[in-house]
Amino acid sequence: MLVKDQVIFAKNEILSQKGEPFTVFTPYKNAWLKALTDANTQFYDVDHYQNKWLSLDVSANYAMPTLSQIGFDEQTLVVATGEAGAQLAWQDFQNRIHNYAAKRDFPAIKGGSYLSVHLRFGTISIRQLVAHASMDSTIGAMTWLSELIWREFYMQFLYHHPNVVHEAYKAAWRDQPWSNDPTWFNAWCSGQTGYPIVDAAMRQLNQTGFMHNRLRMIAAAFLVKDLDINWQWGERYFAQQLLDFDLSANNGGWQWAASTGCDAAQPFRIFNPILQSERFDPQGKFICKYIPELQKFEQNFIHTPWLAPESYHQLIGFSLGVDYPIPIVDHSVARQKALDKYSKIKALTERNK
Ligand SMILES: Cc1cc2nc3c(=O)[nH]c(=O)nc-3n(C[C@H](O)[C@H](O)[C@H](O)COP(=O)(O)OP(=O)(O)OC[C@H]3O[C@@H](n4cnc5c(N)ncnc54)[C@H](O)[C@@H]3O)c2cc1C
């Protein structure tokens, strides 16, 4: 017997009234919510089917493959694994779900569910999560349910547009040149760009195999818009490092950040890494956790250590360019270059209409 287990709605199960796949999230979400019934979140008696399979005595022919056989390297990162680990994380999040909307954007606070790795590997049931969240009318639970729907949105999007694995969804972006400076790319990968919030994010990724959602947006936008590096380089690096790597979510997230994706009314977003840092890590707690060399900085300089006066550097015994890098780009200059590039692509798109 086959059971659908990874999602609530798969493939063609949510279509527009015209019978077409959705390419914009909000109408997809509305249709998804309308289609949801108790039957979609029912409990499957997995043990029953597993026991039946075991009784066939074919299990010996299907020994558990090793990590290397399925293409993974051994790793030393620590996460609570298996169904038991997933249920622990879920229990913990149920106590915090009501605060999700208010807290999820602040990387120094435990605001998210941290269930992505379990959803990715199927150690928790999407039906269990949706059954719970859809019965809870708090803003926190409703916002969280939306994120679970984003996950399915990107999955169905990939199903209907498999070409996005190799190219930008928006045709006008496919042949655009990129600077692709390898030194800048290495600085980004290793958390040495000189922008503390970006570097802390990349170091979290490298050290833990996880990156907070707000930081994924900031780090991705910085690579594409500030460094003018092809989003596919970043997508590949995330795929290599993330324990929760999921092709549809990662590709969707990168194309969103690069403005090449399926968001129809998408403006050309440029994140200011300094303002994002001040807003979402106001006291620099997250920065200090991953960049100990900045721990001596006061709150008003932690987001921009290069702007602190020389006398202040001397006072705290800090040497810019030695203890921590000078920013590899000037955000305001990079921003203008990105806007110029976008204007050219926009003009080209309009000419070809
Ligand atoms: C550039 C970029 C790359 C990303 N790559 C991945 C990836 O490889 N794998 C992955 O699971 N998520 C990815 N995301 C989405 C999101 O960042 C993570 O799902 C989230 O940070 C995981 O933390 P959490 O479990 O605490 O999420 P919560 O905030 O608790 O959300 C609950 C669940 O909803 C799903 N979800 C949340 N946000 C999104 C989203 N924007 N798109 C799709 N699903 C979402 C995840 O399964 C997540 O576990 C990416 C986002 C960006 C911007």
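Indexing begins at 1, ligand by ligand and atom by atom, following the structure's order. Along the sequence shown, residues carry numbers from 1. Hydrogens, waters and symmetry mates play no part in the numbers below; they use all other heavy atoms, side chains included.
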Does this structure show an ion pair linking [X] with [Y], if we count only N-O contacts that are shorter than 4.0 Å?
X	Y	answer
D244	R216	yes
R151	D246	no
K4	E152	no
D228	K337	no
R127	D5	yes

Looking only at protein heavy atoms, which one is nearest to [atom], and how far off is it?
atom	result
atom 12 (N) of ligand 1	A249 CB, 3.6 Å
atom 8 (O) of ligand 1	D246 N, 3.0 Å
atom 32 (C) of ligand 1	W144 NE1, 3.1 Å
atom 27 (O) of ligand 1	S113 OG, 4.1 Å
atom 9 (N) of ligand 1	D244 O, 2.9 Å
atom 33 (C) of ligand 1	L148 CD2, 3.7 Å
atom 26 (O) of ligand 1	Y114 N, 2.7 Å

Of the backbone atoms (N, CA, C, O) and the side-chain heavy atoms from C-beta on, which set of [X] has a member under 4.0 Å from an atom of ligand 1: side chain, backbone, both, or neither?
X	value
F210	side chain
F153	neither
N250	both
L242	side chain
W256	neither

Below 4.0 Å from ligand 1: does a non-hydrogen atom of M217 turn up there or not?
yes

For Y100, state whether at least one heavy atom is located under 4.0 Å from any atom of ligand 1.
yes

Only one of Y195, F301, Y324 passes ring pair (Phe, Tyr, Trp, His ring centres under 6.0 Å) with W306, and that residue is Y195

Between F238, Y154, W231, W173, which is the residue that forms a ring pair (Phe, Tyr, Trp, His ring centres under 6.0 Å) with W254?
F238

Think R214 forms a cation-pi with F280, using NZ or CZ under 6.0 Å from the six-ring centre and within 45 degrees of its axis?
yes

Assign the ring pair F185 / W188 to parallel, tilted or perpendicular, where the plane angle (0 to 90°) is split at 30° and 60°.
parallel

State, without any angle test, whether D136 and T138 hold a side-chain donor-acceptor pair at a distance under 3.5 Å.
yes

Under 3.5 Å, is there a donor-acceptor pair between the K170 and S259 side chains?
no

Can you sort out which atoms of ligand 1 are near [X], meaning under 4.0 Å from one of its heavy atoms?
X	result
Y154	42 (N), 43 (C)
S116	11 (O), 22 (C), 23 (O), 25 (O), 49 (O)
F245	8 (O)

Purely on distance, is any nitrogen or oxygen of [X] under 3.5 Å from one on ligand 1?
X	result
W150	no
N213	yes
W254	no
H212	no

How about D330: does its CG atom have over 12 heavy atoms from other parts shown lying under 6.0 Å from it?
yes

Step through the shown structure and confirm whether more than 12 heavy atoms of other residues, nucleotides or ligands are within 6.0 Å of CG on N95.
yes

Min over E147, R151, R216 of heavy-atom distance to atom 14 (N) of ligand 1 lands on R216

